Amino acid sequence: MAITFGSFDGVCSTAALVICPLMGTSGQGVEPTCYSRNVQIGQTLIFQPSTCFVHIVAIIMTAIMIYHIRSKYTAVGRKEIVMFFWLYMVIELLAMFLDSGIIPTANVSYPWFAAVYTGLVATAYCCLLINGFVGFQFAEDGTPLSLWFLRISCFAVFGASFFISIATFKSFVSFSPSKPTGLFVIYLIWPILCVATYTISQLILVFRTLDDRWPLGDIIFGIAFYAIAQVLLFAFSVTICNAIKHYLDGLFFFTLCVLLSVMMVYKYWDSITREDLEFSVGSKAAVWEVKDPLLTASVTTPGGDYEEDTSSYHAGAASLVGGVSGTQYYGGKPTYGGAQGGYGQGGYGGARRAYPPTSEGY
């Protein structure tokens with residue numbers, strides 16, 4: 001495959017991308033050399049059925065990851081990173097309709113949906129890029145400054161990408177499908193720059209601020225899956241398609257590897273964030289551990305009727321009232337009957353009192 005800067009002819013002849021039916025000088029799109037078999041369900045012809053299955057799995061897995069992120073109430077960068085996964089979920093949902101042909105390429109709405117898809121892809125990479133700097137605390141995470149900077153930046157990238165895409169598809173202003181240089185940059189060059197910047201920033205974060213080196217494994221696996229996705233799509237898609245007799249193509253493995261790389265992003269974020277349990281609100285019952293040395297003894301009632309747990313009331317230990325232990329205050333014995341079990345010589349007025357009162361105690 002020969003890739004020429006600013007041209008999708010070589011790219012689309014290898015990979016069945018969403019924008020390929022709208023590219024080319026003929027106006028009929030660029031058809032890939034080999035693509036996955038189609039299936040017919042009822043009266044509907046479904047393109048890329050295996051890839052659509054991966055899209056469904058990706059949506060389910062992303063929903064699970066979003067649930068776990070939202071459950072970590074006090075984790076650093078929780079609100080920022082969850083936006084990336086919401087964007088990825090919407091992208092997968094839209095890609096499922098575009099790849100499968102449920103929205104036909106000949107329909108007048110297809111260019112608009114493809115432009116929205118392209119804008120969301122660029123926005124997701126922008127969101128990932130900004131999340132790479134959240135850990136450096138240039139602005140405190142979760143604050144309006146941090147969140148609105150992320151939202152405005154993503155909205156600006158989406159607006160610019162959407163305009164360039166639809167202008168290229170519709171030949172607005174000076175854009176045209178025959179010379180899609182702007183679309184080439186935002187669709188192929190921009191994602192690589194964002195991923196490279198995010199990776200470098202996280203390596204700096206791990207080496208400079210973290211004592212644990214295990215998160216490096218998540219970064220390495222994430223980059224490996226992303227690189228494999230690009231290679232399989234743009235270099236070996238036709239080879240894979242011919243070898244498997246059109247049952248699968250490079251787009252299937254590309255979508256699967258991108259899902260794995262996104263899961264590594266979640267795994268990496270989860271490994272470097274710790275929830276402050278003091279302020280968390282969870283569904284698990286609190287587990288209390290008594291560490292006060294004043295509350296370490298146990299008590300047994302007369303006759304051995306029952307024995308309290310060590311975390312309950314303890315006789316023989318120092319009292320928290322007046323700094324005098326109960327044993328000293330009540331004569332040194334845990335029983336309540338008898339003349340020797342009353343108040344000691346240091347009791348009220350120096351007299352020996354017992355409970356229940358006796359004539360000798362007064």
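Quantities reported herein were computed from a predicted structural model and do not represent experimental measurements.
- Between Phe175 and Phe163, the ring planes lie perpendicular to each other; the angle is over 60°, past the 30° to 60° tilted range.
- Ile228 approaches Cys257 most closely through the heavy-atom pair CG2-SG, 3.9 Å.
- Transitive grouping of hydrophobic side chains (ILVMFWY, heavy atoms separated by less than 4.5 Å) keeps Leu256 and Leu233 in distinct clusters.
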Pair Tyr110-Phe97, side chain to side chain contact (heavy atoms under 4.5 Å, CB included): steps then yes or no: CA-CA 10 Å; Tyr110 186 89; Phe97 289 100; over 6 Å; no
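- In terms of modelled atom types and a separation under 3.5 Å, the side chain of Ser13 and the main chain of Thr33 share no donor-acceptor contact.
- In this structure a side-chain-to-backbone donor-acceptor pair under 3.5 Å is missing from Thr168 to Ser176.
- Atom OG1 of Thr239 and atom CD1 of Ile244 lie 10.5 Å apart (nearest 0.5 Å).
- Follow the hydrophobic side-chain contacts under 4.5 Å out from Leu45 and you never reach Val39; the two are in separate clusters.
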Could you walk me through whether Ser153 and Ile130 pass the side chain to side chain contact (heavy atoms under 4.5 Å, CB included) test, one step at a time? CA-CA 9 Å; Ser153 300; Ile130 296 177; 3.5 Å; yes
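- Annotation: side chain of Phe252 is not in contact with side chain of Ile240 (no heavy-atom distance under 4.5 Å).
- With Ser261 contributing its side chain and Tyr226 its backbone, the two residues share no donor-acceptor pair below 3.5 Å.
- Under the 3.5 Å distance criterion, the side-chain polar atoms of Asn131 are matched with a main-chain donor or acceptor of Ile81.
- Not a single donor-acceptor pair under 3.5 Å links the side chain of Arg37 to the backbone N or O of Pro49.
- Less than 2.5 angstrom separates the SG atom of Cys34 from that of Cys241.
- Both Phe85 and Val195 are assigned to one and the same hydrophobic cluster, defined by single-linkage of ILVMFWY side chains at heavy-atom distances under 4.5 Å.
- Enclosure of atom CZ in Phe136 by more than 12 non-hydrogen atoms of other residues, nucleotides or ligands within 6.0 angstrom is indicated.
- A disulfide is assigned to Cys12 and Cys20, since their SG atoms are nearer than 2.5 Å.
- Note on ring orientation: taking the six-membered ring where Trp is involved, the planes of Phe5 and Phe184 are perpendicular (angle over 60°, cut-offs 30° and 60°).
- Nearest heavy atoms, Tyr268 versus Val206: OH-CG2, 3.7 Å.
- Interatomic distance, SG of Cys126 versus CZ of Phe84, reported as 11.5 Å (0.5 Å rounding).
- Between the side chain of Glu140 and the backbone N or O of Gln137, no donor-acceptor pair lies under 3.5 Å.
- Relative ring orientation between Phe133 and Phe138 is described as tilted, the plane-to-plane angle lying within the 30° to 60° band.
- In this structure, Trp269 contributes its side chain and Val76 its backbone to a donor-acceptor pair below 3.5 Å.
- Side-chain N or O atoms of Asp249 include none that pairs as donor or acceptor with a backbone N or O of Tyr35 at under 3.5 Å.
- Using modelled atom types and a 3.5 Å distance limit, the side chains of Ser146 and Glu80 yield a donor-acceptor pair.
- One finds the OG atom of Ser165 at 13.0 Å from the NZ atom of Lys170 (value rounded to the nearest 0.5 Å).
- Under the 4.5 Å side-chain heavy-atom criterion for ILVMFWY residues, no single connected hydrophobic cluster contains both Leu129 and Leu145.
- For His68 and Asp270, the side-chain atoms include no donor-acceptor pair closer than 3.5 Å.
- With hydrophobic clusters built from ILVMFWY side chains whose heavy atoms lie under 4.5 angstrom apart, Met23 does not share a cluster with Phe47.
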